[in-house]
Amino acid sequence: MGIASLSTKSLVTFSKDVERNMDGNANFPSPVPTIAELTAKRIEFVDAASAAKFGDRRAIFQRNTLGEELKEMLRQLGAYVAFVAQGDGNVILSSGFEVRREAEPTPPITEPTDLNAERSGQSGQVILDWAAVRYALNYQVEMTTTDPADPAAVWSPAGLTSKSKMTVDNLNPGTYYWFRVKAYGRRDEKSGFSDPALVMAA
């Protein structure tokens with residue numbers, strides 16, 4: 001998405017454009033992060049950038065930190081847009097993001113491996129990580145409290161991420177959860193699910 005190289009002014013302009021295009025956009029009913037969260041972070045970054053003009057080291061550090069946080073939110077939102085659009089250029093453009101030029105065809109993406117699930121130090125929270133899949137743009141994580149060997153097991157969405165790790169919150173402490181992850185590539189390319197991982201929420 002070319003976000004990493006954006007200047008302060010360009011980053012603010014790009015964020016405003018995405019906010020304007022995605023606010024109320026029927027193509028994207030549940031953006032992650034929300035547009036309100038993106039707007040709040042952008043305003044916070046603008047204020048920090050203004051304070052940093054006076055050369056104070058703390059202010060400059062705060063500006064840089066908030067700038068990276070804003071870029072990461074835009075990356076996450078871009079991954080959400082790509083996931084929902086499934087290669088439809090018109091849908092992508094309606095979000096304010098650009099359509100990336102297609103490169104040469106890539107091999108089919110493979111299912112994620114080495115899924116690891118661990119309890120965190122916070123109640124109701126677990127931390128997941130897995131081996132990154134080449135050519136994957138994002139990952140869909142699902143969970144269930146039923147043994148996956150049971151044909152009646154029902155999986156529910158746990159989250160979408162562009163990274164090969166995720167923190168899942170708001171779980172029932174003391175309850176065992178199974179997790180699995182699927183990788184998505186360009187257009188409708190997707191892998192099978194990983195082997196499930198079991199963990200008890202703290």
Worksheet item: What residue pairs, at least two apart or across chains, pass ring pair (Phe, Tyr, Trp, His ring centres under 6.0 Å) with a residue in residues 168-191?
Response: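 Non-adjacent pairs meeting ring pair (Phe, Tyr, Trp, His ring centres under 6.0 Å): F83-Y184.
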Give every residue pair that meets the ring pair (Phe, Tyr, Trp, His ring centres under 6.0 Å) criterion with at least one member in residues 35-54, sequence neighbours excluded.
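The answer is none; no pair qualifies.
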Over all atoms of both residues, closest heavy-atom pair of [X] and [Y]:
{"X": "A197", "Y": "A117", "answer": "CB-CB, 4.1 Å"}
{"X": "A82", "Y": "N138", "answer": "CB-ND2, 4.3 Å"}
{"X": "D17", "Y": "G96", "answer": "OD2-O, 3.7 Å"}
{"X": "A85", "Y": "I92", "answer": "CB-CG1, 3.4 Å"}
{"X": "G124", "Y": "A201", "answer": "CA-CB, 4.4 Å"}
{"X": "A202", "Y": "S120", "answer": "CB-O, 3.6 Å"}

Are any non-hydrogen side-chain atoms of [X] and [Y] less than 4.5 angstrom apart?
{"X": "L74", "Y": "L11", "result": "yes"}
{"X": "T145", "Y": "T175", "result": "yes"}
{"X": "Q76", "Y": "P33", "result": "yes"}

Which salt bridge (Lys or Arg N to Asp or Glu O under 4.0 Å) pairs, counting each pair once, include a residue from [range], with sequence neighbours left out?
{"range": "residues 112-121", "answer": "none"}
{"range": "residues 141-153", "answer": "E142-R180"}
{"range": "residues 46-56", "answer": "none"}

Acceptor/donor pairs from residues 155-165 side chains to any protein atom, 3.5 angstrom cut, sequence neighbours excluded:
unit_1 : atom_1 : unit_2 : atom_2 : d
S156   : OG     : M143   : O      : 3.4
T161   : OG1    : K163   : N      : 3.0

Those residues at least two apart in sequence (or on a different chain) that pass salt bridge (charged side-chain N to carboxylate O under 4.0 Å, His left out) with E37 are none
Counterpart residues, side-chain contact (heavy atoms from CB on, under 4.5 Å), relative to [X] (two or more places apart):
{"X": "S7", "answer": "K9, S10"}
{"X": "T65", "answer": "F61, E69"}
{"X": "T39", "answer": "E19, I35, R42, I43"}
{"X": "N27", "answer": "N25, V91, S94"}

Quiz item: Between F97 and Y80, does the ring centre distance come in under 6.0 Å?
Solution: no
Approximate separation, where rounding is to 0.5 Å, of [X] [atom1] and [Y] [atom2]:
{"X": "R63", "Y": "T8", "atom1": "CZ", "atom2": "OG1", "result": "5.5 Å"}
{"X": "Q122", "Y": "L171", "atom1": "CD", "atom2": "CG", "result": "12.0 Å"}
{"X": "M22", "Y": "F28", "atom1": "CE", "atom2": "CZ", "result": "5.0 Å"}

| Is any side-chain N of the basic residue among K41 and E44 closer than 4.0 Å to the acidic one's carboxylate O? | yes
Residues passing the ring-ring contact (aromatic ring centres under 6.0 Å, His included) test with Y139, sequence neighbours excluded, are W130
- [ ] Begin from the C-alpha positions of R75 and E72 and carry the test salt bridge (charged side-chain N to carboxylate O under 4.0 Å, His left out) through to its verdict.
- [x] CA-CA 5 Å; R75 291 188 189 99; E72 180 57 28; 3.5 Å; yes
